[in-house]
Amino acid sequence: MIGRLRRNWRRVRLGTRLALGVGVLSLIVFAVVGTALTMYMRDYLQRQVSDQMKLVQVVQTKDAAAHGIVQSKPYYGWYTAVYDVSGTTAKLREPSDVPDDTSALTALAKTMAHSRTEISRTVTIDGEGTYRLRACEVQPGVVLVSAAPLADVQGTVRQLITVQVVAFALALLVLVVIGRNLLRRGLRPLSDMASTAHGIASHDLSESAARLPLRAERGDGGPEVEELRTAFNTMLEHIDDSLAVRAEAEQRLRRFVADASHELRTPLMSVRGYADLFQYAAANVPEERDKHLARLRAEAARMGILLDDLLLLARLDAADVETPIRLRDADLVELVGQAADAFRAGHPDHPLTAELGEDPVPLRVDPVRIRQVLDNLLTNAAVHTPPGTPVSVTLSVAPGTASVRVADAGPGIPEDDRARVFDRFYRVDKARTRDRGGSGLGLAVARSLAKAHGGTVELTSEPGATVFTVTIPLGAASSPSGRAASAR
């Protein structure tokens with residue numbers, strides 16, 4: 001039974017719980033206040049009766065001393081008796097106005113005979129009700145006892161209790177009703193947050209662009225609710241950011257798969273086309289056969305380079321695969337010089353200026369991969385600028401780092417494209433052919449390889465000046481995640 005009540009109580013809404021709690025607390029307070037007020041009022045009225053009896057007994061004492069009994073009756077319903085007390089016996093003088101049951105009056109007279117102060121007492125007289133008794137000594141051995149009814153006092157106390165019960169009940173009802181409304185209004189922000197949470201639970205988070213449009217924006221409820229609302233909205237922003245990152249990653253993955261399929265489709269179609277040509281006799285002529293085989297080898301080589309770049313990027317991205325970096329001691333000046341010589345030989349239509357310095361720059365890197373970074377950046381400068389465009393490569397050393405700047409005086413990269421030039425398969429000029437524009441993996445490979453060495457590749461561009469800056473730490477080269485392989 002208790003367990004069932006406890007479970008039912010847990011299902012009651014918080015506002016109702018608080019309202020009931022306030023009601024119970026108010027009821028306890030009202031009960032304490034009402035009891036204290038009633039007791040105070042009863043004692044006060046009884047003191048008033050006692051004071052009144054004291055004044056009356058002053059007159060009655062003189063009357064008893066003069067006539068032996070009290071002849072005057074002060075108030076209706078009052079009783080007065082004069083006793084002769086001797087030892088342990090008390091004899092009532094006649095005639096006296098006394099009730100049928102005089103035991104309480106007689107007992108008080110006996111007690112008064114042995115006391116030097118007046119005595120007051122509240123007793124219940126059979127057949128009469130509750131009375132206030134007061135005894136005083138008229139003369140030695142003679143005691144005056146007066147009895148005043150307390151019916152009016154009790155009636156007043158009962159009326160006071162009735163008024164208190166009605167007033168407190170109404171106050172409690174108003175307090176619970178108004179308090180419930182105030183609590184409901186104060187807890188409304190929590191209800192809004194609960195509704196928001198239900199809305200989030202019903203929201204389809206599997207959508208690619210799934211963003212939570214729900215927020216708890218109500219601006220009331222006090223500092224505590226405001227802190228909860230801020231934390232709740234911060235959590236939603238974090239969820240939104242996570243969803244946005246996931247959606248962007250999914251979109252990039254789809255674009256990557258689509259671009260990779262598109263890039264591989266062209267050489268595959270070429271290989272298939274030239275393979276079909278061998279079915280015809282004309283293609284088997286030695287001159288035609290050598291021409292077609294050369295083209296097949298070129299397409300296969302191109303497809304192999306593309307697949308190698310994709311595999312390299314995949315291995316650089318994979319957290320559980322060893323990074324394909326073989327570290328050994330190398331001189332960055334020598335590596336940059338070799339890349340510059342190779343560029344001059346392969347692109348004689350682009351004049352190259354190299355500023356390398358005289359002192360060697362020793363590093364522990366993978367020379368092949370650093371050359372690949374430099375070759376990709378230099379090739380990018382040649383491919384995306386008109387013939388005759390000057391290209392420069394500058395090596396500089398700062399405390400803790402070495403930097404290589406590859407600059408060209410070409411038309412520059414549009415501002416909208418600068419943030420995406422390092423994306424895979426992204427080409428600024430969409431109209432370029434793949435033979436001239438490349439596959440769009442060079443810069444992505446360069447940035448990933450630099451990152452694997454603990455470095456960075458940064459871009460600054462404006463019309464007439466495009467600069468790629470490769471920065472490599474001078475210390476032991478390793479990727480940020482510490483996955484670089486040791487020299488083999």
Original post:
Is the number of heavy atoms from other residues, nucleotides or ligands under 6.0 Å of Asp100 CG greater than 12?
Top reply: no
Original post:
For Glu415, does the CD atom sit with more than 12 other heavy atoms under 6.0 Å from it, leaving out its own atoms?
Top reply: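 No.
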Subject >> Atom pair CG/CD of Asp101 and Glu128 - distance to nearest 0.5 Å >> reply: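 Going from the CG atom of Asp101 to the CD atom of Glu128 covers 9.0 Å.
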**OP:** Report the distance from atom CG of Leu45 to atom OH of Tyr40, rounding to the nearest 0.5 Å.
**Re:**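 Result: 10.0 Å between the selected atoms.
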side-chain contact (heavy atoms from CB on, under 4.5 Å) involving [X] - partner list, sequence neighbours excluded:
X      : answer
Ala407 : Ser392, Val467
Ile178 : Val174, Leu182
Ser403 : Ser396, Thr469, Thr471
Lys54  : Arg134

Using every non-hydrogen atom in the two residues, find where [X] and [Y] come nearest and quote the distance to one decimal.
X      : Y      : answer
Pro149 : Gly77  : CD-O, 3.5 Å
Arg447 : Val457 : CA-CG2, 3.9 Å
Ala64  : Val82  : CB-CG2, 4.1 Å

**OP:** Provide the full list of side-chain hydrogen bond (donor to acceptor under 3.5 Å, both in side chains) pairs with a residue in residues 142-169, sequence neighbours left out, each pair given once.
**Re:** Thr38-Gln164, Gln57-Ser146, Gln60-Ser146, Thr130-Gln154
Original post:
With sequence neighbours excluded, what pairs up with Arg93 under the salt bridge (charged side-chain N to carboxylate O under 4.0 Å, His left out) test?
Top reply: Asp84
**OP:** Anything under 30° is parallel, anything over 60° is perpendicular, the rest tilted; go ahead and classify Phe30 against Phe168.
**Re:** parallel
Subject >> Student check: side-chain heavy atoms of Val85 and Val142 closer than 4.5 Å >> reply: no
